[in-house]
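In what follows, chains are A, B, ... by sequence order, proteins preceding strands, each numbered from 1.
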Amino acid sequence: MLDIQLLRSNPAQVAERLATRGASLDVAAFQALEDERKGLQVRTQDLQARRNALSKQIGQLKAKGEDTAAAMQEVAGLGDELKRNEEALADLLNRINAFVSVIPNLPHESVPVGQSEADNVEVSRWGTARAFAFAVKDHVDLGEALGGIDFDAATKISGARFTLMKGAVARLHRALAQFMLDTHTQEHGYTEVYAPYLVNGNSLFGTGQLPKFHEDLFHIKDDGYFLIPTAEVPVTNIVRDEIVDLAQMPLKFVCHTPCFRREAGSYGKDTRGMIRQHQFDKVELVRIETPEHSWAALEELTRHAEIILEKLELPYRRVALCTGDMGFSAAKTYDLEVWLPAQNTYREISSCSHFDAFQARRMQARFRNEKSKPELAHTLNGSGLAVGRTLVAVLENYQRADGSIDVPVALRPYMAGLELIEKA
RNA sequence: GGAGAGAUGGCCGAGUGGUCGAAGGCGCUCCCCUGCUAAGGGAGUAUAUGGGCUUAAACUCGUAUCGAGGGUUCGAAUCCCUCUCUCUCCGCCA
């Protein structure tokens with residue numbers, strides 16, 4: 001949610017900045033709502049003040065046993081208009097709220113301006129793509145040949161965009177998650193969190209998935225729950241409606257969860273393999289920061305994600321998303337893209353974002369500042385990393401000519417020392 | 001699933017229709033006193049939002065908020081209804 005004060009005082013400038021990310025703000029519509037609000041609110045509050053004063057007076061008169069008829073008569077005269085005004089105001093505030101709720105965040109000044117993925121800016125590169133002396137296979141061929149991935153079974157059991165893993169590949173998947181959790185907790189200072197996979201609508205509003213992106217979510221209608229599309233939702237909402245003591249800031253959480261996405265609108269995209277699934281595992285980093293430190297924290301968090309790739313010796317690059325390619329709530333986002341030899345390209349494996357106070361304002365997540373006044377926190381999160389896609393990257397980058405897979409050195413302790421995954 | 005109890009400010013906890021944004025305590029802030037420490041005295045201390053004033057802040061006048069949403073009433077923390085959550089007991093259960 002944008003700061004309503006900013007929107008009121010400078011709608012044109014807000015519209016201009018939103019335009020850089022391809023979002024249009026109907027300034028005239030907003031101002032019409034605001035003009036109406038102003039008059040209605042002042043009138044309603046005047047009436048309420050008069051009613052309160054009269055009611056108080058009636059109380060005092062009755063206490064003294066005096067006649068209240070005159071006051072009663074005046075207050076009765078207010079009733080109708082007051083009720084109408086209150087209803088109209090409540091309705092109007094709802095409409096304003098709905099209007100503001102679907103406005104995306106403003107891009108940070110450092111974000112490159114652009115319209116689409118094509119305008120994203122590569123920031124850095126790490127590692128070099130391995131030269132293969134044979135024709136590389138993709139993870140689907142590799143996994144199926146190893147007997148470790150069974151897409152047919154997953155399709156039978158559930159449907160399209162699901163994966164079933166077995167044996168050493170399933171274990172590799174688990175090893176990756178464990179490795180990431182251990183690295184972030186032991187080396188990067190994050191607190192491990194186990195969180196619900198079903199959340200309520202308020203949590204999804206807080207992080208910005210609702211009300212606008214309902215169609216991307218799995219909704220358990222019988223109970224009102226939604227399956228989480230990312231651990232960002234339950235973990236960031238830890239601080240919803242909370243005021244964190246300054247001494248406890250910043251909060252750094254890491255959480256491994258499955259993520260569930262309907263992938264509405266991505267028909268025909270990445271249909272092969274496990275790149276784009278309805279269910280996938282992710283290790284998520286979440287930070288609750290003070291505004292002073294939050295921008296440094298984004299760099300740090302992104303580094304923490306990069307270190308996972310470096311420990312796994314997977315070549316990657318860091319990309320600064322342009323204004324037009326960022327998510328709804330983000331002020332700035334870095335994507336990490338891992339090298340996939342079978343696709344001969346880099347593919348997104350992590351997304352690290354800074355939301356400034358946008359999410360915090362939606363969920364009233366605050367900290368007590370130096371003056372011991374509550375102040376909106378800044379929230380950040382990033383994948384560290386998407387486990388399924390990391391598995392894909394390991395299979396493809398570590399493949400041998402015979403289709404077996406070398407286990408990355410960093411993962412061997414998590415694989416009981418196994419060095420090579422061969423056909424089961 | 002059945003029966004019952006409950007939800008009040010940063011925390012604890014009073015408050016069953018009127019001057020209650022809310023006693024009291026704790027905590028916190030400032031001041032005083034005490035040559036340190038401990039103890040003591042005084043004052044202050046919710047959030048959101050609107051108007052006024054202002055470059056802004058401060059200030060000031062309002063409004064709303066005692067789990068959420070409705071209702072009764074001139075007036076609701078207090079009465080009624082619905083919902084959510086928490087706790088206790090029973091049942092079921094990994």
Report yes if the side chains of A/S404 and A/K423 come closer than 4.5 Å at any heavy-atom pair, otherwise no. no
Candidates B/G62, B/U19, B/G71 - which lies nearest the side chain of A/K56: B/U19
I need the CG-P distance between A/L6 and B/A56, as an integer number of Å. 15 Å
Is A/E306 paired with A/R303 through a side-chain N to carboxylate O contact shorter than 4.0 Å? yes
Between B/G4 and B/U45, how many Å separate the two P atoms, rounded to a whole number? 44 Å
The residue, A/K38 or A/G59, whose nearest nucleotide of RNA chain B is more 5′ is A/G59
To the nearest Å, give me how far apart CZ (A/R240) and P (B/G67) are. 18 Å
Check every atom of B/G62, B/G18, B/A64 against the side chain of A/K62 and return the nucleotide holding the closest atom. B/G18
For the pair made of CD in A/E34 and P in B/U49, what is the distance, rounded to whole Å? 13 Å
Is A/N52 near enough to B/G62 that one of its side-chain N or O atoms lies under 4.0 angstrom from OP1 or OP2? no
What interatomic distance, in whole Å, is found between P of B/C11 and the corresponding atom of B/A68? 15 Å
With a 4.0 Å cut-off on heavy atoms, is A/A63 in touch with a base, just the backbone sugar-phosphate, or nothing at all? base
Starting from C1' on B/G18, measure out to CD1 on A/I58 and report it in whole angstrom. 10 Å
Can you check the A/N94 CG to B/G69 C1' distance for me, whole Å? 12 Å
From CD of A/Q5 across to C1' of B/G51 the rounded distance in Å is 13 Å
For A/V42 and for A/A49, find the nucleotide of RNA chain B with the closest heavy atom, then tell me which residue's nucleotide is more 5'. A/V42
So, for A/P107 and A/R17, which heavy atoms are closest and what is the spacing to 0.1 Å? O-NH2, 2.9 Å
Regarding the side chain of A/S55, the nearest nucleotide among B/U49, B/G71, B/G18 is B/G18
When all nucleic acid strands are considered with a 4.0 Å heavy-atom cut-off, which category describes A/K373: base, sugar-phosphate, or nothing? sugar-phosphate
Does the pair A/R272/A/D141 count as a salt bridge with the N-to-O cut at 4.0 Å? yes
Under a 4.5 Å cut-off applied to non-hydrogen side-chain atoms, are A/V387 and A/V283 in contact? yes
Expressed in angstrom and rounded to an integer, what is the separation of A/R361 atom CZ from B/U49 atom C1'? 14 Å
Output the single nucleotide from B/A48, B/C74, B/U49 whose closest atom is nearest the side chain of A/Q41. B/U49
Rounded to the Å, how far apart are A/R368 CZ and B/C28 P? 13 Å
Where the side chain of A/H219 meets the backbone of A/K221, is there a donor-acceptor pair that is under 3.5 Å apart? no
Taking the P atom of each, how far is B/U86 from B/C53, in whole Å? 49 Å
Tell me what A/Q48 touches on the nucleic acid: a base, only sugar-phosphate, or nothing, going by heavy atoms under 4.0 Å. sugar-phosphate
Would you indicate, yes or no, if B/U63 has its OP1 or OP2 atom less than 4.0 angstrom from a side-chain nitrogen or oxygen of A/R50? no
